[in-house]
Undergrad: 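This is the structure, below, for whatever I ask next.
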Amino acid sequence: MTNDKASGDEAIPEQDEAAQARALSEQQRIRREKLAKLQAEGRDPFAVVKFDQTHHSAQIKAEFERLENAPVSVAGRIMSFRDIGKASFVDLQDRDGRVQIYVNADELGAEDYARVKTYDMGDLVGIEGFVFKTRRGEISVHAKKVSLLAKALEPLPEKFHGLKDPELRYRRRYLDLVMNSQVMDTFKKRTAIIRAVREYLDERGYLEVETPVLSTIASGAAARPFVTKSNALNLQLFLRIATELYLKRCIVGGMERVYEMGKDFRNEGIDIRHNPEFTMIELYQAFADYNDMMELCENLVAFAAVKATGSTKVNYQGTEIEFAAPWRRLTMIDAVRTNGGPDFSTVRGDEEARELAKSLGLGEELKKKLSDCSRGDILNAAFEKFAEKNLVQPTFIIDYPTEISPLTKQKPGDPTMTERFEAFVYGREVANAYSELNDPIIQLDRFQQQLRERELGDDEAYMLDEDFVSSLEVGMPPTGGMGIGIDRIVMFLTDAYSIRDVILFPTMKPQEG
RNA sequence: GAGCCGCUAGCUCAGUUGGCAGAGCAACGCCCUUUUAAGGCGUGGGUCCCGGGUCCGAAUCCCGGGCGGCUCACCA
């Protein structure tokens with residue numbers, strides 16, 4: 001139970017103590033008593049400030065031939081305790097895994113050995129000893145000295161079944177990490193992927209920059225923002241939904257190649273593919289177009305796949321996915337046509353498209369009233385209905401309708417289409433890129449069209465950013481830009497079913513209150 | 001936002017037709033100096049998510065609420 005009562009209430013403490021004693025489980029109470037006893041003996045584990053850890057578990061196992069009989073110091077958490085009388089076997093878990101520790105009364109002396117036997121699973125200990133192999137052939141550390149480095153006042157989850165309850169796993173991720181080694185592996189891979197992305201771009205002359213999370217306009221994407229407030233400025237602010245407009249200002253300023261990898265925030269639904277805060281990389285390259293972005297995308301993701309998993313081929317939820325370049329390229333119109341949908345290349349104008357939408361029963365896919373929909377809206381809806389779910393192997397869908405791409409340059413010779421692509425894997429969008437619109441007059445027109453959409457009730461239409469338009473008036477070179485959803489890439493490379501399995505602390509409702 | 005499902009010991013889970021709250025691991029005591037889900041003997045541990053209702057009697061049935069999971073909707 002939370003206790004939110006105001007401080008300074010002198011009458012309550014005694015009741016609090018009683019209440020707390022009652023709230024403690026038998027096991028918690030016993031561990032606190034053990035701690036108190038150690039403290040009374042001048043052996044407070046929480047007073048220890050340092051332990052010299054010379055080796056990790058994995059290294060001892062990998063280099064046993066060289067390390068046999070050598071002195072080592074290892075540190076970690078007690079994960080199991082097999083007491084066989086005057087000797088015990090302890091499984092010690094550190095960052096890399098586990099190594100068995102052998103302790104016996106002869107080596108430690110009766111008094112110290114008796115004290116070690118009072119240590120609990122979950123306690124953090126440091127071991128000084130030497131490497132050996134047991135009769136059963138397990139590489140172990142024979143302890144000459146055992147130091148308690150921190151006491152666990154709460155028992156660990158059950159050693160065989162571990163921690164399974166998804167609610168507890170997400171809320172108390174530290175327990176999940178301790179108990180489930182594949183969870184630790186997933187987050188190590190996440191780090192490897194992020195490091196690989198940075199390495200790939202840094203080597204190609206990209207400058208990593210940081211742009212505002214807080215601003216008065218949340219633009220650059222179609223999404224509802226989180227709202228917050230500055231006390232100092234007495235001003236309503238939004239958390240960013242994209243970094244696009246600031247990064248393009250950097251291109252205007254002459255940085256030529258920039259990227260930012262960080263959190264975006266979208267105030268929308270939460271499910272296995274969406275967390276309100278998520279990690280996105282956006283990158284921009286002057287004098288490049290969307291074809292360059294396609295090559296960059298497929299090579300970057302393949303590079304990250306190799307760095308994280310050792311291969312471009314991964315198994316995702318039972319389906320083999322090949323990330324090696326080149327990825328299939330398919331226009332949106334062809335994707336609809338070849339997946340059982342109509343041929344939009346023969347559809348002229350909004351009215352004809354609306355008739356087609358009616359005959360196809362495209363109701364659910366449309367985001368607004370049919371009478372407000374343009375040919376581009378309907379093509380996009382048909383794509384989502386017919387094609388999207390079939391795009392299992394990495395595929396670039398190219399050439400998006402102008403109406404749904406307000407920051408994108410039109411295709412030369414076809415003003416209804418833009419030089420934009422999205423990359424799909426397993427039916428899910430993982431990247432979005434385009435030849436950036438750099439004509440400030442057309443950009444202003446497109447924003448004004450978005451404002452009309454907003455008036456029609458689309459609260460996700462892009463907000464007008466006048467300073468961004470001003471920056472384009474200064475002159476932005478022709479530029480290719482791309483956004484990649486990092487969490488989704490991590491999901492594919494770690495075979496994660498839910499986005500919550502690749503975010504250490506996913507957004508959860510408080511349990512009480 | 002809607003539907004379905006879940007919530008019982010620290011953890012993983014049973015709990016029959018509504019009739020004294022259960023197991024394994026963990027804990028506590030004793031035995032055991034190369035075990036490894038160690039083993040043997042014994043002991044303790046519960047706000048059955050919360051609040052109402054029905055009933056002689058509710059973990060179980062009914063109503064309301066909380067949190068979570070899944071599916072759908074939403075989500076460039």
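Each chain gets a letter, A, B and so on, in the order its sequence line appears, and its residues count up from 1.
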Undergrad: Distance check needed: B/rG66 P versus A/Lys509 NZ, whole Å only.
TA: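 So the NZ-P distance, A/Lys509 to B/rG66, works out to 7 Å.
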
Undergrad: In whole angstrom, give the distance that lies between atom CD1 of A/Ile101 and atom P of B/rU34.
TA: 18 Å

Undergrad: Taking only the side-chain nitrogens and oxygens of A/Arg500, find out if one of them lies under 4.0 Å from OP1 or OP2 of B/rC70.
TA: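 Yes.
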
Undergrad: Given B/rU33, B/rA26, B/rG10, identify the nucleotide with an atom nearest to the side chain of A/Ala87.
TA: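 Closest of the options to the side chain of A/Ala87: B/rU33.
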
Undergrad: What is the separation between atom CZ on A/Arg29 and atom P on B/rA9, rounded to the nearest whole Å?
TA: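 After rounding, the reported distance stands at 18 Å.
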
Undergrad: With a 4.0 Å cutoff (strictly under), does any side-chain N or O of A/Arg136 reach OP1 or OP2 of B/rU35?
TA: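 The answer is yes; a side-chain N or O of A/Arg136 sits under 4.0 Å from OP1 or OP2.
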
Undergrad: Among B/rU12, B/rU34, B/rU33, which nucleotide has an atom closest to any side-chain atom of A/Asp165?
TA: B/rU12

Undergrad: Has A/Asn275 got a side-chain atom pairing as donor or acceptor with A/Pro506's backbone, closer than 3.5 angstrom?
TA: no

Undergrad: Could you check which of B/rC70, B/rA76, B/rU33 has an atom nearest any side-chain atom of A/Lys86?
TA: B/rU33

Undergrad: Can you tell me the base-pairing partner of B/rC55? Count Watson-Crick or G-U wobble geometry only, both distances below 3.5 Å, and say none if there is no partner.
TA: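 Paired with no nucleotide.
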
Undergrad: Just compare B/rU33, B/rA27, B/rU71 and give me whichever is closest to any side-chain atom of A/Ile272.
TA: B/rU71

Undergrad: Is atom CD of A/Glu33 surrounded by more than 12 heavy atoms (other residues, nucleotides or ligands) closer than 6.0 Å?
TA: yes

Undergrad: So, A/Arg329 and A/Glu298, do they make that salt bridge, N to O below 4.0 Å?
TA: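 Judged by the 4.0 Å cut-off on N to carboxylate O distance, A/Arg329 and A/Glu298 do form a salt bridge.
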
Undergrad: Atom CD1 of A/Ile499 and atom C1' of B/rC70: how far apart are they, to the nearest Å?
TA: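 Atom-to-atom, A/Ile499 to B/rC70, this comes out as 17 Å.
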
Undergrad: If you measure only the distance, is there a donor-acceptor pair under 3.5 Å linking the side chains of A/Ser498 and A/Asp501?
TA: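 There is no such pair (donor and acceptor under 3.5 Å, judged by atom type) between the side chains of A/Ser498 and A/Asp501.
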
Undergrad: My understanding is that a pair needs two contacts under 3.5 Å, Watson-Crick or G-U wobble. By that rule, which nucleotide pairs with B/rG29?
TA: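 Across all strands, the one nucleotide that pairs with B/rG29 is B/rC41.
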
Undergrad: Establish, with yes or no, whether the OP1 or OP2 oxygen of B/rU12 is under 4.0 angstrom from a side-chain nitrogen or oxygen of A/Lys164.
TA: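 Looking at the OP1 and OP2 atoms of B/rU12, neither is under 4.0 Å from any side-chain N or O of A/Lys164.
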
Undergrad: Any idea which of B/rG68, B/rC28, B/rU71 is nearest the A/Tyr497 side chain?
TA: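 Among the listed nucleotides, the one closest to the side chain of A/Tyr497 is B/rU71.
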
Undergrad: Return no unless some side-chain N or O of A/Arg169 is found under 4.0 Å from OP1 or OP2 of B/rG69.
TA: no

Undergrad: Rounded off to whole Å, could you give me the NZ-to-P distance for the A/Lys117 and B/rC31 pair?
TA: 8 Å

Undergrad: Give the nucleotide from the list B/rA76, B/rC28, B/rC32 with an atom nearest to the side chain of A/Ile30.
TA: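 So the side chain of A/Ile30 is nearest to B/rC28.
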
Undergrad: Could you tell me whether the phosphate oxygens of B/rU35, OP1 or OP2, come under 4.0 Å of any side-chain nitrogen or oxygen in A/Arg82?
TA: no

Undergrad: Would the base of B/rA26 count as contacting A/Gln27 through its side chain, where contact means a donor and an acceptor less than 3.5 Å apart?
TA: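 When only heavy-atom distances are counted, A/Gln27 does reach the base of B/rA26 through a donor-acceptor pair under 3.5 Å.
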
Undergrad: Sort out the partner of B/rG18 for me: Watson-Crick or G-U wobble, both distances under 3.5 Å, none otherwise.
TA: none

Undergrad: Between A/Asp120 and A/Leu168, which is nearer to the 5' end of RNA chain B once each is assigned its nearest nucleotide?
TA: A/Leu168

Undergrad: Counting heavy atoms from C-beta on, name the nucleotide in B/rA37, B/rU35, B/rA76 closest to the side chain of A/Phe89.
TA: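 Nearest to the side-chain atoms of A/Phe89, counting from C-beta on, is B/rU35.
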
Undergrad: Is there a side-chain polar atom (N or O) of A/Tyr170 under 4.0 Å from OP1 or OP2 of B/rC67?
TA: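 Indeed not, no polar side-chain atom of A/Tyr170 lies that close.
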
Undergrad: With no hydrogens and no angle check, do the side chains of A/Ser374 and A/Glu403 hold a donor and an acceptor under 3.5 Å apart?
TA: yes

Undergrad: Quick one: is B/rA37 close enough that its OP1 or OP2 comes under 4.0 Å of any side-chain N or O from A/Lys159?
TA: no

Undergrad: Remember a base hit wins even if backbone is also touched, and classify A/Asp271 as base, sugar-phosphate or nothing at under 4.0 Å, heavy atoms.
TA: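 If one applies the 4.0 Å heavy-atom cut-off, A/Asp271 turns out to touch a base.
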
Undergrad: Should B/rA23 form a Watson-Crick or G-U wobble pair with both distances under 3.5 Å, which nucleotide is its partner?
TA: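 By the stated definition (distances under 3.5 Å), B/rU12 pairs with B/rA23.
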
Undergrad: Who does B/rC70 pair with, Watson-Crick or G-U, both distances under 3.5 Å?
TA: B/rG3

Undergrad: Can a side-chain donor-acceptor contact be found between A/Gln449 and A/Arg452 if the only test is distance below 3.5 angstrom?
TA: yes

Undergrad: May I have the distance from A/Arg31 (atom CZ) to B/rC28 (atom P), rounded to whole angstrom?
TA: 8 Å

Undergrad: Could you say whether A/Gly269 or A/Arg171 is positioned toward the 5' end of RNA chain B, judged by the nucleotide with the nearest heavy atom to each?
TA: A/Arg171

Undergrad: If you apply the rule ring pair (Phe, Tyr, Trp, His ring centres under 6.0 Å), what do you find for A/Phe89 with A/Tyr102, and how did you get there?
TA: CA-CA 5 Å; A/Phe89 295 88; A/Tyr102 176 69; 5.0 Å; yes

Undergrad: Quick one: A/Asn275 CG to B/rC74 P, roughly how many Å, whole number?
TA: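 Value for this atom pair: 20 Å.
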
Undergrad: Provide, to the nearest angstrom, the distance between the CD atom belonging to A/Gln100 and the P atom belonging to B/rU34.
TA: 12 Å

Undergrad: Where the side chain of A/Glu158 is defined as all heavy atoms beyond and including C-beta, which of B/rG10, B/rG44, B/rU34 is the nearest nucleotide?
TA: B/rG10

